[in-house]
Visitor: 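Structure provided below as structure tokens; questions to follow.
Numbered from 1 within each chain, the chains take letters A, B, ... in sequence-line order.
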There are 2 protein chains.
Amino acid sequence: MRSAYIAQSTHCQPFAEDTMPNDTTRRYHHGNLRQAVIDTALQLADESGDERISLREVARRIGVSSGAPFRHFADHAALMTAIAEEATVRLRLMVDRDQHQSPPAAIERLRTLGHSFLAWALQHPTSFRLVSARRLYDFNASPALKSHFQAVRERTVTLVMQAQSEGDLQHDVAPERLALMLRSAVYGMARMHVDGQLAQWGVGPRAARRELQATLDALIDGFRRNRPR
Amino acid sequence: MRSAYIAQSTHCQPFAEDTMPNDTTRRYHHGNLRQAVIDTALQLADESGDERISLREVARRIGVSSGAPFRHFADHAALMTAIAEEATVRLRLMVDRDQHQSPPAAIERLRTLGHSFLAWALQHPTSFRLVSARRLYDFNASPALKSHFQAVRERTVTLVMQAQSEGDLQHDVAPERLALMLRSAVYGMARMHVDGQLAQWGVGPRAARRELQATLDALIDGFRRNRPR
DNA sequence: ACCTGAACACCGTTCAAGT
DNA sequence: ACCTGAACACCGTTCAAGT
């Protein structure tokens with residue numbers, strides 16, 4: 001997803017130029033400025049820990065004029081939308097991959113789904129904040145974003161219903177409500193982490209992933225009908 | 001907490017001037033500019049729905065020069081800290097008041113605590129976002145913020161331990177973990193609301209409070225040991 | 001003691017002009 | 001077709017100068 005010239009621009013892979021067309025070196029006039037802006041913005045966000053990156057600084061780092069990005073993005077929100085889309089695709093791929101490796105029981109796949117979401121949020125905290133807060137871009141303007149999110153949401157509801165009919169999950173609560181409850185808990189855990197609230201709860205950054213996964217496991221186990229796991 | 005001249009400046013309460021000292025009308029040179037800045041910033045945030053308000057716009061609305069607020073706030077973050085402190089005091093007062101009116105059983109007081117938190121977040125969505133995201137101010141630099149948050153957190157853990165020893169809550173999970181789980185769920189619900197994610201889950205803005213309270217109730221009931229409520 | 005208003009270094013965004 | 005660079009209207013912040 002990240003283009004090859006990014007590797008070159010960081011001077012980490014001396015052989016990267018072999019894989020590039022020679023005539024596009026240090027020139028973004030041939031159709032790849034769009035991706036360069038996205039990659040550099042992501043890089044900048046990861047470095048600073050702030051999802052609110054400046055288009056001017058992106059342009060500066062790429063070595064292009066301040067107005068150039070506006071050839072490829074209508075405004076700041078459009079760039080943020082593109083970044084949010086890439087991050088959401090990563091979530092979707094992660095979820096799909098992990099689901100294939102999960103034990104088949106619906107309640108275990110539900111647990112796996114939660115773990116995937118947590119891992120995604122903790123691995124890409126800045127992207128997660130951008131995507132989830134939805135203040136720097138127009139969520140409803142992106143069909144891709146909507147469809148990826150709906151897919152994850154529908155998978156959650158479906159797994160809850162399956163786990164209920166498999167007798168592993170309480171069935172005295174509507175599946176939609178149970179799904180929202182689980183999602184809220186997982187979302188809340190991820191947000192407490194990126195919002196820096198876990199320190200107050202005695203959870204250091206090193207232990208965050210392990211601790212949150214254990215907390216999610218306790219939640220799911222608490223809602224099991226057949227207690228033995 | 002809001003000063004009287006704010007009511008006057010909105011022209012909604014024609015008798016407000018009776019309650020003011022006459023010689024301070026339209027003059028902020030006598031020690032009340034600080035509070036005026038806080039009140040106007042809060043007002044602006046509530047109107048726009050954006051917690052990231054501009055100091056220049058606040059000054060403009062008050063009718064003061066752009067540099068004036070810097071007499072009372074070291075920088076933008078210091079103003080945000082003051083706003084966050086006021087919002088957190090409101091949470092603390094709300095929690096204390098509701099606890100006094102709650103049924104005495106620890107598990108019911110835990111439920112009440114969750115409802116208070118939800119009500120606070122839904123009543124002041126912009127303040128909640130400011131306070132919780134912690135990106136526009138320095139949380140650790142405010143002893144008041146830290147102490148209010150610690151008080152709510154400690155109350156949560158204490159109530160969980162009490163509910164466990166009263167036999168109403170599963171005791172096979174460490175109280176700190178159970179408390180973090182409940183807090184994450186409630187925090188996640190509140191954030192899903194202010195982040196505009198509830199629409200995707202079939203919950204309209206009108207039904208949000210009722211639906212989230214019911215979801216929280218389902219969570220607590222799911223963790224009861226004595227099922228009958 | 002408190003506020004003014006110009007100044008500085010930043011933004012996002014637009015647009016004629018260049019290649 | 002794509003980018004430059006000046007321009008405009010905004011920011012936060014500083015500070016000499018005023019009252």
Side-chain angles (χ1 to χ4, degrees), chain A residues 3 5 9 21 23-42 44-45 47-84 130 135-138 141, chain B residues 3 5 9 21 23-42 44-45 47-84 130 135-138 141:
Chain A
S3 322
Y5 57 80
S9 77
D23 58 342
T24 60
T25 308
R26 299 201 57 72
R27 293 181 60 215
Y28 295 106
H29 315 64
H30 292 277
N32 45 3
L33 177 56
R34 183 189 153 87
Q35 192 60 39
V37 168
I38 294 177
D39 293 341
T40 306
L42 258 169
L44 224 43
E47 282 174 24
S48 69
D50 192 349
E51 70 274 21
R52 213 162 59 257
I53 51 90
S54 143
L55 268 177
R56 286 186 104 109
E57 191 172 351
V58 170
R60 218 178 292 128
R61 185 172 284 210
I62 294 177
V64 90
S65 80
S66 68
F70 289 91
R71 268 302 130 182
H72 300 92
F73 300 97
D75 52 19
H76 188 261
L79 168 58
M80 295 297 117
T81 305
I83 293 177
L130 168 69
R135 303 203 57 80
L136 301 181
Y137 67 98
D138 185 1
Chain B
S3 321
Y5 57 81
S9 78
D23 59 340
T24 61
T25 308
R26 303 201 56 71
R27 293 182 60 215
Y28 295 107
H29 315 64
H30 291 277
N32 45 4
L33 177 56
R34 183 189 153 87
Q35 192 60 40
V37 167
I38 294 176
D39 293 341
T40 306
L42 258 169
L44 224 45
E47 282 174 22
S48 68
D50 192 349
E51 70 273 21
R52 213 163 56 256
I53 51 90
S54 143
L55 266 176
R56 286 186 104 108
E57 191 172 352
V58 170
R60 216 178 292 127
R61 184 173 285 210
I62 294 177
V64 91
S65 80
S66 68
F70 289 91
R71 266 305 128 179
H72 300 91
F73 300 97
D75 52 19
H76 189 260
L79 168 57
M80 295 297 117
T81 304
I83 294 178
L130 168 68
R135 306 207 50 85
L136 301 181
Y137 66 97
D138 184 1

Visitor: Please determine whether side chain to side chain contact (heavy atoms under 4.5 Å, CB included) holds for the pair A:Val37 and A:His72, giving the CA-CA distance in whole Å, both sets of side-chain angles, and the decisive distance to 0.1 Å.
Guide: CA-CA 9 Å; A:Val37 168; A:His72 300 92; 5.9 Å; no
Visitor: For residues A:Leu55 and A:Phe70, determine if any side-chain heavy atom of one lies less than 4.5 Å from a side-chain heavy atom of the other.
Guide: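 Yes - at least one pair of side-chain heavy atoms lies under 4.5 Å apart.
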Visitor: Given side chains that start at C-beta, do those of A:Tyr137 and A:Leu130 come closer than 4.5 Å, heavy atoms only?
Guide: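 Yes, their side chains come closer than 4.5 Å.
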Visitor: In whole angstroms, how far is the C1' atom of C:dA1 from the CG atom of B:Asn32?
Guide: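 It is 14 Å, rounded to the nearest whole Å.
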Visitor: Rounded to whole angstrom units, what separation is found between the CZ atom of B:Phe73 and the C1' atom of C:dC2?
Guide: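 It works out to 15 Å between those atoms.
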Visitor: Could you give the CZ-to-C1' distance, from B:Arg34 to C:dA1, as a whole number of Å?
Guide: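 Atom CZ in B:Arg34 sits about 16 Å away from atom C1' in C:dA1.
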Visitor: Provide, to the nearest angstrom, the distance between the CG atom belonging to B:Leu33 and the C1' atom belonging to C:dC3.
Guide: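 That distance rounds to 9 Å.
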Visitor: What string of B, S and - do you get for nucleotides 12-19 of chain C, 5' to 3', when a contact is any protein heavy atom under 4.0 Å?
Guide: BBB-----
Visitor: Whether B:His72 contacts C:dC3 is assessed here as follows: a side-chain N or O lying under 4.0 Å from the phosphate OP1 or OP2. Is that the case?
Guide: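 Checking C:dC3 against B:His72, a side-chain N or O does come within under 4.0 Å of OP1 or OP2.
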Visitor: Provide the closest heavy-atom pair for B:Pro69 versus B:Val64 in the form atom of the first, atom of the second, distance.
Guide: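 Shortest heavy-atom separation between B:Pro69 and B:Val64 comes out as CD-CG1, 4.4 Å.
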Visitor: For DNA chain C, which ranges pair as stems of 3 or more consecutive Watson-Crick or G-U pairs, with both donor-acceptor distances under 3.5 Å?
Guide: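 Paired runs of 3+ in DNA chain C: C:4-8 with D:12-16, C:12-16 with D:4-8.
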Visitor: Kindly give the heavy-atom pair with the smallest separation between B:Ala41 and B:Ile53, and that separation in Å.
Guide: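 Between these two residues, the closest heavy atoms are CB-CD1, 3.8 Å.
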Visitor: If you define the side chain from C-beta out and look only at heavy atoms, does anything of A:Asp50 sit under 4.5 Å from B:Arg135?
Guide: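 Yes, close enough: below the 4.5 Å cut-off.
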Visitor: Please examine the side chains of A:Leu44 and A:Arg61, heavy atoms only from C-beta on, and report whether any two atoms are closer than 4.5 Å.
Guide: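 Side-chain contact under 4.5 Å: yes.
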Visitor: Counting just side-chain N and O atoms, does B:Arg60 come under 4.0 Å of either OP1 or OP2 of D:dC11?
Guide: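 Looking at the OP1 and OP2 atoms of D:dC11, one of them is under 4.0 Å from a side-chain N or O of B:Arg60.
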Visitor: Of all residues at least two apart in sequence or in a different chain, which pass the side-chain contact (heavy atoms from CB on, under 4.5 Å) check with A:Ser54?
Guide: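 With neighbours one apart ignored, the set is A:Arg56, A:Glu57.
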